[in-house]
Amino acid sequence: MAAMSFFDAVHRLWAETMSGFWRGGDLGSLLGAVGHDPQLKQRFVQDPGAVLAERGVRLPEGMTLKVLENTATTLHLVLPPLVALDENTEAAR
Amino acid sequence: MKANPLRAAITRACTDAAFRGRLIADPKAALAEEGMTVPDGVDVVVHEPNDDALLIVLPAQNEAQIQAHETMPPAGPVSGVPAGLTLSWCERELTAVGRIDSATAPALRQALTRYFGDVWLNLADVAYLSSAGIAALLAAHKHLADHQSTLFLVNLTDPVRNVLDLVGLSDAFDILEPVSPYIVPATFGYPIV
């Protein structure tokens, strides 16, 4: 099996994540729209709260949103929380 | 099946604290451990979640996807599909329900080759894929690839997966494996409800 290229892997990471989101209502449609609307994307990066409000997407109370954009030279990865499986995991922290 | 080393690294970082530390400290070296070579000139920035802030990462600007907007499929059911199959667009996802056989494959092919831009074909409710159906998928795959776009197959049932394995085409298509909802934040910070 040929190794996956870096850019293919990044594209696929996005695709895997989006596959659960297309039917996610307002957020799915917003994320779809930013993919082909550079102006909307720019506003979403600069003022995510305003764009969410326009689209009727509500954040949980007390939460803020930060939007990062990958570029040809920068990849952002967001890690899910660490799960402590056992004492060894804890000890390794 | 194509395994995604980036996904593997993120998944490992959820449970392996030592690896997580290395991934944050030196992303390129840690990704190399998982078989992912980051090209020179590309920076990788790793973010840790914070209880009060959601992080959403958007893909890099892609000219092909922007142009694809001109041909966004209209949301809703596709008309003119023969009995036995229904097709329905939601954003860039086409959901097929029923059988993809010699009677219905042409309609699927037509639906997938009318537009371009990345397409997610959801096959969760397709339990039969004939050779005509495979030919339709190959035609769609090529059409989208010719337009710098990708056909992603998602939620394959066992019968459909077996057929693609038997004819040796599993690696020809971009088949997405289900991702744990827990791992999804890797792109979106926390899910927004």
Side-chain angles (χ1 to χ4, degrees), chain A residues 1 3-4 6-24 27-29 31-38 41 44-45 48 52 57-60 62-85 89-90 92-93, chain B residues 2 4-7 10 13-15 17-18 20 23 27 35-39 41-49 52-62 65-66 68-69 72 90-93 117-118 120 150 152 154 171 174 176-177 179 181-189 192-193:
Chain A
M1 182 174 19
M4 190 177 293
F6 177 74
F7 294 104
D8 281 350
V10 171
H11 187 205
R12 222 177 145 82
L13 190 66
W14 166 253
E16 286 167 356
T17 308
M18 280 311 290
S19 71
F21 268 82
W22 289 122
R23 289 175 191 275
L27 182 65
S29 108
L31 292 171
V34 298
H36 51 65
D37 183 343
K41 186 177 190 177
F44 192 41
V45 172
L52 286 186
V57 181
R58 285 193 307 181
L59 291 175
M63 262 193 176
T64 57
L65 174 68
K66 187 174 177 190
V67 179
L68 305 167
E69 186 181 6
N70 287 339
T71 67
T73 55
T74 306
L75 170 70
H76 295 281
L77 288 179
V78 182
L79 299 181
L82 182 66
V83 186
L85 286 185
T89 313
E90 281 297 315
R93 276 192 187 192
Chain B
K2 298 172 189 168
N4 187 340
L6 281 179
R7 178 71 67 194
I10 289 164
C14 290
T15 54
R20 187 185 184 93
L23 187 59
M36 180 87 278
T37 306
V38 180
V42 176
D43 281 328
V44 177
V45 186
V46 177
H47 302 266
E48 283 214 271
D52 301 325
L54 296 162
L55 276 175
I56 288 185
V57 179
L58 301 176
Q61 199 89 289
N62 179 328
Q65 301 304 323
I66 293 167
H69 182 46
M72 273 289 278
C90 178
E91 300 293 329
R92 304 223 58 100
E93 182 183 71
D118 289 349
W120 284 249
T150 307
F152 294 108
V154 298
D171 284 343
D174 284 279
L176 298 184
E177 295 305 310
V179 175
Y182 183 78
I183 303 297
V184 164
T187 307
F188 287 158
I192 301 174
V193 186

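The sequence lines fix the lettering, A, B, ..., with proteins before strands; numbering per chain opens at 1.
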Contact class of [X] relative to chain B, heavy atoms under 4.5 angstrom:
{"X": "A/Thr74", "result": "both"}
{"X": "A/Val10", "result": "both"}
{"X": "A/Val67", "result": "both"}

Next item on the list: For B/Phe152, enumerate each residue passing the ring pair (Phe, Tyr, Trp, His ring centres under 6.0 Å) test, keeping only those at least two apart in sequence or located in another chain.
Entry: A/His11, B/Trp120
Next item on the list: Check the pair A/Leu31 / B/Leu58 against side chain to side chain contact (heavy atoms under 4.5 Å, CB included), numbers first and verdict last.
Entry: CA-CA 8 Å; A/Leu31 292 171; B/Leu58 301 176; 3.9 Å; yes
Check: For A/Thr64, which residues count as a side-chain hydrogen bond (donor to acceptor under 3.5 Å, both in side chains) partner, sequence neighbours excluded?
Finding: none
Next item on the list: Heavy atoms only, distances under 4.5 angstrom: which of A/Pro48, A/Ala33, A/Ala9 has the most pairs with chain B? Name it, please.
Entry: A/Ala9
Next item on the list: Mind checking the CG-CD spacing from A/Leu82 to B/Glu48? Nearest 0.5 Å is all I need.
Entry: 8.0 Å
Checklist line | Heavy-atom contact with chain A under 4.5 Å, split by part of B/Pro5 | finding: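 Side chain of B/Pro5 only, per the 4.5 Å heavy-atom cut-off to chain A.
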Next item on the list: Counting only heavy atoms closer than 4.5 Å, note whether B/Val154 contacts chain A via side chain, backbone, both or neither.
Entry: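 Answer is side chain: those atoms of B/Val154 sit under 4.5 Å from chain A.
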Item checked: Shortest non-hydrogen separation from A/Leu13 to B/Arg7 and the atoms involved ->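 Minimum heavy-atom contact is O-NH2, 3.3 Å.
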